[in-house]
Protein chains: 4
Amino acid sequence: MNPRSTSRTKPQSLRVRMKEEARAAILDAAEQVLSEQGLHATRMDDIAAQVGVSVGTLYNYFEDRQQLLLALLEVRARDLLALLDAELEQSQGSPYRARLYGFLRCVLEHSQSHFRLFSVLLEEGPRHSRPKDEPAQRRYQQELARELLRRVELLCEDGLRQGALRPEDVRHYPMLLLGMVHSVLFQQFHMKQPVPVDESIAPLLRCFLDGATPRP
Amino acid sequence: MNPRSTSRTKPQSLRVRMKEEARAAILDAAEQVLSEQGLHATRMDDIAAQVGVSVGTLYNYFEDRQQLLLALLEVRARDLLALLDAELEQSQGSPYRARLYGFLRCVLEHSQSHFRLFSVLLEEGPRHSRPKDEPAQRRYQQELARELLRRVELLCEDGLRQGALRPEDVRHYPMLLLGMVHSVLFQQFHMKQPVPVDESIAPLLRCFLDGATPRP
Amino acid sequence: MNPRSTSRTKPQSLRVRMKEEARAAILDAAEQVLSEQGLHATRMDDIAAQVGVSVGTLYNYFEDRQQLLLALLEVRARDLLALLDAELEQSQGSPYRARLYGFLRCVLEHSQSHFRLFSVLLEEGPRHSRPKDEPAQRRYQQELARELLRRVELLCEDGLRQGALRPEDVRHYPMLLLGMVHSVLFQQFHMKQPVPVDESIAPLLRCFLDGATPRP
Amino acid sequence: MNPRSTSRTKPQSLRVRMKEEARAAILDAAEQVLSEQGLHATRMDDIAAQVGVSVGTLYNYFEDRQQLLLALLEVRARDLLALLDAELEQSQGSPYRARLYGFLRCVLEHSQSHFRLFSVLLEEGPRHSRPKDEPAQRRYQQELARELLRRVELLCEDGLRQGALRPEDVRHYPMLLLGMVHSVLFQQFHMKQPVPVDESIAPLLRCFLDGATPRP
DNA sequence: AATGAATGAGCTTTCATTCAT
DNA sequence: TATGAATGAAAGCTCATTCAT
């Protein structure tokens, strides 16, 4: 699922590089476990076993469980956001429909390999927040979710500028779009067969842009 | 949030009635806690404290934690499904748009007071699935989610018959609709201000039926 | 197993009589449960269910669980001891072998219907004695066990007087006899088929009196 | 009472050795506690305190309480059975009386340091059998008890072959012998003074072989 | 007197975290 | 730096006991 997906290639000292590698490996393992067990059920022992190191080692790279999982969310979110930024940048000037298509394609492709995480990102975090727990995680996840939403908003603003979106509802579109995307991902996850991205996007796009009502 | 939402009105012996009341009170408390802490973090002690009884009492009403939470999901789901069935029945024969509107209104109104639960119903179950865990809960939740989806499918089939939905994408609509509904609920939950249902439905409906693209 | 086995028929006021009946019924139930579950696993609820009353009622007749079980042991022990005393009294003057036979017959017949209890009496009590626990039960059981032993000792002394027992080992005989009796009961319990008492006693007696070595 | 009674002498890696040591230490502690409290009253906390570790540690060595206690019974039983097998082997060809003496000596010596356990092995298991409890322990204990009985049976068969035992009662002898042994141990335990083994065996043997009746 | 729901201390088990090697 | 056994604070569940009805 995630073969060293975060290959940051900043040239640095060997030691630092290896440390980065190890961190990344741990995060990959954490994602793997989290995908199978869920956020709460993800135990440090399982992550360690997945990486092939001992628990103690995890604590050489992360403050504690909370920080590890937070780092996982952050890294993956940054990856997605960076991807989306690149896509948005590259498609600048294109017609809205094309940009939206590219954007959704980007989200879906990335999220297919990280669905569980994406889902946690949107949903699971705010829960599991007993009063004593640091609200850090919650706030952070919300921030990330907001970042994602912001990209969609930017895109929608462009659609508005292009005259491709109805002005009266435009402020609702980002949210509705993300909702549809989520449902598509969710369904794909449950069917456990990776539906080709295009087959998922096309109806979504038609529905969103043209509506479900037939036209003459 | 949930003032005795399960209003069973079977006239019964006092003892039985009180037992039902107590059960309902526990479930309400459980929902409250679950809403704040999430499914996994919901501890028996917290539920007990919320009802104002001691732990032991919970076990007089429910086999164990698993059964308690399952009962909560079941009761709430049954409530929602019953509501939807009533709505669908009552609106039979009406034009699709009106039926859809009524349906969504129904879902939103009910779900506003039980958002977290609704969310758990759709999402959290499939996770937290360590081998030892009884698959009962998982299967059950999936079944309930499917029940919900089935209602939307019925509605969409009617839309198709009425010529109000495009045949080529109709099989995707239920899922997309639920996705949008979920995002609306989710947003409302996070903004913590109960947006009037109509204000939420209108754009959703316009987007779904007419699309986001402006018409001349 | 124990249909009102302790029918003390002291003529008393109706009220007192009924109270005694109830007490006896509870003890019978307790024995039944204890026989099936063991001393420690015997719960008040189970006893109550067995009698057909509610837990609270048990506490109207006995101080607490400890006292109830203690009373059970005491009553049954008194029954057995009284039986043995009667037997010893009645057989006074008979030859040793006959007295011993009658005695053992008495023990076995009584113990067959109360094997579990008999076993607890001899064995289980001394355990389950955390420092905080009242040593009352322990001391009491030991006392009862000693009472039983004393009867056998009396019998053996008579055997000695009659010249039917070897003087040099006579002080060991009571204990050895009880050990053999216990093993017989234990085996019968495990085989779950009530072997006729005579078939059990005969070999025991032959072994004890004549030894296992063949004679010409 | 039990100074590292399981002397496994397989030379192994240090780590493995220490793990074995720790396991053995835990079992010794468990036996100590069990001897004082009884099977059912033996709490994990107490065992941990006895070893001088914390509860969690116990679970690093044993699946759960049930497995720990089962392991204890198994190890001790294996020790005893191995001892008896060695004794029987070594005494092969000797006259019955000598063999029996050696055998009993063996049992008594070993059991003196493990009396409580021995007692549990023979007695306590079959009790405490609520339906939900895994029948594993019960069956296992019965099996071990049977193993012990089998040894005695073998010995008695040899006695029969040697013409040292009466054929008509030989099938009862193993049980009766074990009963006498048990009573001897039981008494010693209660007197809390370790009577010299010979002083216990001699009367037992005389009684069993020659009977209690004086001979001319 | 009888009831049985409520209580809460007590027990087993889990798992994030530490620290000696 | 890596290890993994030890730790001990939780958390789920049980059951003797109480007390309002």
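All values below come from the heavy atoms of this structure, side chains included, with hydrogens, waters and symmetry mates left out. Just so it is clear: chains get the letters A, B, ... in the order the sequence lines come, proteins before strands, and each one is counted from 1.
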- Just the dot-bracket of DNA chain F, please: which string comes out with Watson-Crick or G-U pairs under 3.5 Å, [ ] for crossing, | for another strand? .||||||||||||||||||||
- Let me know the distance between CD of A:Q37 and P of E:dT14, rounded to the nearest Å. 14 Å
- Query: How close or far is atom P of E:dG4 from atom CZ of C:R43, stated in whole angstroms?
  - Reply: 16 Å
- Sequence neighbours excluded, which residues qualify as side chain to side chain contact (heavy atoms under 4.5 Å, CB included) partners of A:F62? A:R23, A:I26, A:L27, A:L68, A:A71
- Note on the structure: In whole angstroms, the gap separating C1' of E:dT14 from CE of A:M44 amounts to 15 Å
- Flag, side chain of B:T57 to backbone of B:V53, donor-acceptor distance under 3.5 Å: no
- Item | Strand contacts (DNA chain F) in residues 53-63 of chain D, 4.0 angstrom heavy-atom criterion | D:V53, D:S54, D:G56, D:T57, D:N60, D:Y61
- Value in whole Å for how far the C1' atom of E:dT12 lies from NE2 of C:H40: 14 Å
- Nearest to the side chain of C:R65, which nucleotide is it out of E:dT12, F:dT17, E:dA16? F:dT17
- Query: E:dG4 P sits how many Å from C:I47 CD1, rounded?
  - Reply: 17 Å
- Query: 5'-most contact on DNA chain F: A:G52 or B:T42, nearest heavy atom basis?
  - Reply: A:G52
- In whole angstroms, the gap separating P of E:dC15 from CG of A:D64 amounts to 17 Å
- Message: Please report the distance, rounded to the nearest Å, between CD1 in D:I26 and C1' in F:dA6.
- Response: 11 Å
- To the nearest Å, how far apart are D:D45 CG and E:dA9 P? 16 Å
